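Heads up, the thing below is written out as structure tokens.
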2 protein chains.
Amino acid sequence: MATGRTHRPATRSRGIPEATVARLPLYLRALTALSERSVPTVSSEELAAAAGVNSAKLRKDFSYLGSYGTRGVGYDVEYLVYQISRELGLTQDWPVVIVGIGNLGAALANYGGFASRGFRVAALIDADPAMAGKPVAGIPVQHTDELEKIIDENGVSIGVIATPAGAAQQVCERLVAAGVTSILNFAPTVLSVPDGVDVRKVDLSIELQILAFHEQRKAGEEAAAAEPGAVIQTPKESGKGPDGDVPAVMPA
Amino acid sequence: MATGRTHRPATRSRGIPEATVARLPLYLRALTALSERSVPTVSSEELAAAAGVNSAKLRKDFSYLGSYGTRGVGYDVEYLVYQISRELGLTQDWPVVIVGIGNLGAALANYGGFASRGFRVAALIDADPAMAGKPVAGIPVQHTDELEKIIDENGVSIGVIATPAGAAQQVCERLVAAGVTSILNFAPTVLSVPDGVDVRKVDLSIELQILAFHEQRKAGEEAAAAEPGAVIQTPKESGKGPDGDVPAVMPA
DNA sequence: CAATGTGAAGTAATTCACAGCG
DNA sequence: CGCTGTGAATTACTTCACATTG
């Protein structure tokens, strides 16, 4: 684990808050839609509504990028699209590799949103020799043996891991050793990476669990509201899980 | 949009911070792994490392759930698994429906992590009549016409939207009208829902854009470090995007 | 005068650091 | 004596509210 400094070591740089960075793609998407409808300008109010945030937050976010609006008028759509794209580094194209071409990997390969915004699938990689050569989304799958060569020859710095959990850390290490410095991880594992490598994770199961938490709470509140002091009844379809495990352990 | 109060209306309830809730599934996963290896207890330090957070944060998180540890010893793995599962509402099973059985929907249907933790795929729904009856992951796809009936009969309160962006809002409205109160949205759109309905979104393209931002920054820093005052060179594979669009617009 | 841009105020999340307990 | 549990300090993020400006 080394001595601290796991995150952004306050690198002087024009520090745009992480929360703001995470919203820029949202604004960009809304702006792109407006642009396609040839809308020339938007107010912070309108754009915020389209992006699903409130307008003060949006204006504050934009203030970190610079003063790109016009008081009394709003923002020029095209201009803002360009500025945000540039800020996000989307004016260049980023070759990415997808490792693990199972159901999910194939879905990702076929996902249109990839190409549309500055990303290009440079290669599909899978450990199964039987997959090698088979085209997925028009791209022939290559064997894991080629991983380092592919990364190097294509100058890939972003990798997507869609392998089973058990293979993820190893794949991650090979990607990093080969020069990848940003990883999008779909495998349900915590990846450990050296400093300087960014990892973002997408985990279906975690999202569902978070929803379940809120769902349960809603059910509890309902019950509580209906009959104060009532036992909390599990919502709809109550039946317990398959392995009806009970605490059993109870520390002194 | 109504008048304010869009989020958690401070419902008295033992308020667990949202950030903590989002980490509970992570702890649970790490604990489950320990449990499978028959590890009886863990310290906050060890568990935190396994979950990829720091130990102070973990202890603070657990403190919202109660005092489940033993000073000088650590946490009882089994007991903690149970407590977190209960807190997340995973001791019951949640029937979910997946709407939109394209590449992604099929990948989700096949995803094992579903069943393992309290979720059960109650139905797969698609608008394409040609899909109807075809089994995906062993479950026959049903037509959208059946949506309301399926939700109702199975007591579904969680829906997963994996349709194209254009269909998402409409599907969402039907789900909500039929009684769904939690939605996991994979379509790249902002869904608008009435109060009391939770939406979480997963957007591949947004994650990649966030990575691109950091990636670009790294490249800039490298260049700056190497030669102070140098023009920032785009990293590897510089070539501009296909449509070499330039600002063009520049507000007075 | 409408709508941006932003200090200041408010709220949430993280981290520190150590008292207290087993 | 080691490790939890937690107040206090810190840092990050959001929201308010309004002076400023095209």
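Chain A is the first sequence line, chain B the second, and so forth, proteins listed ahead of strands; every chain is numbered from 1. These figures come from a predicted structure and were not determined experimentally.
A donor atom on one side chain and an acceptor atom on the other are found under 3.5 Å apart for A:D61 and A:T20. Defined by atom type and a distance below 3.5 Å, a donor-acceptor pair is present between the side-chain atoms of B:Q169 and B:E173.
A donor-acceptor distance shorter than 3.5 angstrom exists from the side chain of A:T32 to the backbone of A:L28, with no hydrogens or angles considered. A donor-acceptor contact shorter than 3.5 Å is absent between the side chain of A:Q216 and the backbone of B:L90.
Listed by first then second residue, pairs satisfying ring pair (Phe, Tyr, Trp, His ring centres under 6.0 Å) with a partner in residues 22-47 of chain A read A:Y27-A:F62, not counting sequence neighbours.
Listed here is the closest heavy atom pair of A:A187 and A:A165: CB-CA, 4.1 Å. What you find for B:R59 and B:S44 is that their closest heavy atoms are NH1-OG, 3.1 Å. Between B:C172 and B:I183, the closest heavy-atom pair is SG-CD1, 3.6 Å.
Regarding contacts with the backbone of D:dG5, a side-chain N or O of B:Y75 is found under 4.0 angstrom from either OP1 or OP2.
Rounded to whole angstrom, the span from the CG atom of A:L47 across to the P atom of C:dA3 amounts to 14 Å. Whole-Å rounding puts the B:E46 CD to D:dC3 C1' distance at 11 Å. Straight-line distance from the CG atom of B:D76 to the P atom of D:dT4: 13 Å, rounded to whole Å.
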Distances for protein N/O vs nucleotides 20-22 of chain C N/O pairs under 3.5 angstrom?
unit_1 : atom_1 : unit_2 : atom_2 : d
C:dG20 : N3     : B:R71  : NH1    : 3.4

For nucleotides 13-17 of chain D, which of its nitrogen or oxygen atoms have a protein nitrogen or oxygen under 3.5 Å away, and what is each distance?
unit_1 : atom_1 : unit_2 : atom_2 : d
D:dT14 : OP1    : A:R23  : NH1    : 3.0
D:dT14 : OP2    : A:R23  : NH1    : 3.2
D:dT14 : OP2    : A:R23  : NH2    : 2.8
D:dT15 : OP2    : A:N54  : ND2    : 2.8

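Here the side chain of A:S43 is nearest to one of D:dT4, D:dG5, C:dT4, namely C:dT4.
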